[in-house]
Amino acid sequence: MSPLETPVFPSKGVHTDTPPVSLTDYGITSNGFLPEEAPLRRLPDPYYAPWESLVESLSTSIAQQTLRHQVDQLPILSTDRLTTEPEWRRACVVLAFLTHGYIWGGETAAEILPPPLTLPLLTISHHLGMPPVATYACVNLWNFQHPPTSLPANLDTLHAQHTFTGTPDESWFYMVSVAMEARGAYLVPAMLRALEAATTRRDCGAVAGGLRELAAGIGELGGLLERMDERCDPGVFYHRIRPFLAGSKNMGAAGLPRGVFYDEGQGGKGEWRQLRGGSNGQSSLVQFLDVVLGVEHKAMGNSSPDGVGSGQKGGGMSFHEEVRRYMPEPHRRFLEDVARRYPGGMKKAVGDLLADGGGASREERTAVREAFEGATRALAEFRNKHLQMVTRYIIIPSRQPNGNQGVNLATASSRLKGLPSSKGKEAEPTVKGELTGTGGTALLPFLKQSRDETFQAGQLQVR
Ligand code: HEM
């Protein structure tokens with residue numbers, strides 16, 4: 001059976017090979033949340049040549065500060081000629097790069113996005129079920145290339161199709177995530193089977209085996225994460241790459257007090273929007289691991305309005321819940337359906353197994369408990385590695401002068417503004433100045449809370 005035919009949600013209590021729902025319904029492939037085939041390199045219809053030629057020379061136009069003028073001259077192209085999903089995704093990648101290049105690629109931030117960008121981008125993002133910005137899907141999931149004989153899990157042969165800076169560091173930064181998504185892909189069907197074994201068959205051997213597999217898989221993801229240092233320089237990341245991924249939320253200090261106006265032409269029609277920037281926090285794979293284990297995140301990014309004019313508010317929602325809106329719609333739906341199908345995930349299922357035994361021996365129950373604790377520890381350790389990386393790539397460079405250029409628009413917004421933390425207190429002034437993530441989060445307290453919530457999930461009540 002191929003991974004695509006793996007039963008996802010067989011009827012409860014019945015072990016059947018006929019899946020009522022399959023992973024393909026959620027856009028999940030044998031590469032997990034990555035597409036099955038490497039993304040298109042170009043839109044096939046020559047009608048889209050104006051977009052393609054601009055994105056091809058993106059880093060040069062940004063460096064020469066000609067991009068805005070070129071975008072302003074673009075014709076307003078229709079999305080009617082996008083016929084397949086890979087084409088819609090390709091169009092999203094192209095316009096997301098052009099959009100962030102337009103906003104952040106000048107002496108001052110551009111507050112107004114022109115109709116040649118906004119009109120097609122709004123239609124495309126609506127089609128894909130994501131906000132009209134450079135999401136994790138645009139810069140990572142749909143922006144890679146690899147040789148035909150290689151697999152996307154092989155980080156050494158992966159390259160980004162597009163970057164803002166033209167640096168190998170930026171390509172590597174994106175490709176580390178792509179390799180992680182590919183490496184973790186097998187965990188999706190494997191963990192659904194383990195959840196099924198825990199909740200319907202109550203098969204201790206399968207549950208313990210699945211959880212051990214999960215711990216090992218997370219360890220591999222952590223190994224890939226640590227390879228970031230090989231080819232992505234922290235100074236290049238902080239001063240040159242990261243500013244382009246910034247959003248329009250909490251960006252007053254960078255010249256976007258109202259966010260960005262998406263000008264839809266027709267005499268001033270349009271909307272001010274405040275949206276998060278591109279962040280790996282939008283990875284569906286990592287959130288899937290949380291759902292599987294039953295990790296509950298309450299940490300908030302911040303209390304600023306989000307999605308102004310769209311009727312959506314960030315307030316009251318945890319960061320993890322909020323960023324699901326930045327995932328492709330089928331992936332978001334998948335996470336919601338899995339959480340609904342297995343409420344409380346493994347934490348609840350393992351707790352139930354341990355509480356009533358279900359005929360399992362003491363040894364079997366001990367094995368399940370230890371495997372569960374090991375898997376949650378592995379995910380918390382992954383988050384610890386990530387925290388260390390954030391220190392190396394954001395906290396330390398934020399103390400050092402920017403040797404490359406005078407103005408760094410997006411980092412200007414990172415200065416301490418006394419953002420409220422999730423506990424309602426002022427954000428911890430751990431490091432003078434730099435405290436917010438590209439998504440606008442009060443950085444270190446938020447990441448530490450996410451890690452601690454993962455450790456807490458491993459504390460089973462039943463003994
Ligand atoms: C140079 C490397 C990296 C840096 C500097 C970095 C920075 C950050 C920052 C600032 C946040 C806070 C949220 C936000 O601003 O949106 C964040 C969150 C997050 N990042 Fe990274 N990141 C890096 C690499 C990665 C990679 C490769 C992954 C793997 C997919 C990842 C996964 C996450 C996740 C899942 C969150 C949400 C918080 C959590 O669930 O623990 N990051 N990251």
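Ligands are counted one by one from 1 in listed order, and the atoms in each one are counted from 1 as well.
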Closest non-hydrogen atoms of Tyr262 and Leu121, given as atom of the first, atom of the second and distance, are CE2-CD2, 4.4 Å

Within a distance under 4.0 Å of any heavy atom of Tyr393, pick out the atoms of ligand 1 and give their elements. 1 (C), 5 (C)

Do Glu322 and Lys249 meet the salt-bridge criterion of a basic N to acidic O distance under 4.0 Å? yes

So which of Ile395, Leu285, Asn280, Val295 gets nearest to atom 28 (C) of ligand 1, if we judge by its closest heavy atom? Asn280

Distance under 4.0 Å to a non-hydrogen atom of Phe237: what atoms of ligand 1 satisfy this? 5 (C)

Residue-level breakdown please: for His320 versus ligand 1, do any non-hydrogen atoms fall below 4.0 Å on the side chain, on the backbone, on both, or on neither? side chain

All pairs passing salt bridge (Lys or Arg N to Asp or Glu O under 4.0 Å) where residues 128-151 contributes a residue, at least two apart: none

Would you name the heavy atoms of Met180 and Leu221 that are closest together and state the gap between them? O-CD2, 3.3 Å

Proximity of His386 to ligand 1 by residue part, where a heavy atom lies under 4.0 Å: side chain

Taking only heavy atoms of Ile394, which atoms of ligand 1 are found under 4.0 Å from at least one of them? 5 (C), 10 (C)

Are Arg231 and Asp156 within salt-bridge range, i.e. N to O under 4.0 Å? yes

Going by distance only, is there an N or O of Tyr136 that falls short of 3.5 Å from an N or O of ligand 1? no

Residue part near ligand 1, for Leu443, under 4.0 Å between non-hydrogen atoms: side chain

I'd like to check the side chain to side chain donor-acceptor pair (under 3.5 Å) partners of His126; sequence neighbours left out, ordered by chain and number. none

Is Glu181 touching ligand 1 with its side chain, its backbone, both, or neither, if touching means heavy atoms under 4.0 Å apart? neither

With heavy atoms under 4.0 Å as the rule, classify the contact between His297 and ligand 1 as side chain, backbone, both or neither. neither

Polar proximity ligand 1 side, Ser177 side, N/O cut 3.5 Å exclusive: no

Do the charged groups of Lys347 and Glu296 touch, with an N to O distance under 4.0 Å? no

For the pair Glu181 (side chain) and Leu141 (backbone), establish whether a donor and an acceptor sit closer than 3.5 Å, ignoring hydrogens and angles. no

At under 4.0 Å between heavy atoms, what of Asp290 touches ligand 1? The answer is neither

Going by the order shown, which atoms of ligand 1 are within less than 4.0 Å of some heavy atom of Met180? 27 (C), 29 (C)

Taking 4.0 angstrom as the limit and counting only heavy atoms of Ser279, give me the atoms of ligand 1 inside it, by number and element. 14 (C), 16 (O)

Is any side-chain heavy atom of Phe97 less than 4.5 Å from a side-chain heavy atom of Asn143? yes

Keeping Arg332 on the side-chain end and Gly129 on the backbone end, is there a donor-acceptor pair under 3.5 Å? yes

Please work out whether any backbone atom (N, CA, C, O) or any side-chain heavy atom from C-beta onward of Leu225 is under 4.0 Å from ligand 1, and answer side chain, backbone, both or neither. side chain

In ligand 1, which numbered atoms sit nearer than 4.0 Å to a non-hydrogen atom of Val390? 6 (C), 7 (C), 8 (C)

Contact with ligand 1 for Phe319, non-hydrogen, under 4.0 angstrom: yes

Can you find a pair of side-chain heavy atoms, one from Tyr238 and one from Gln400, that are under 4.5 Å apart? no

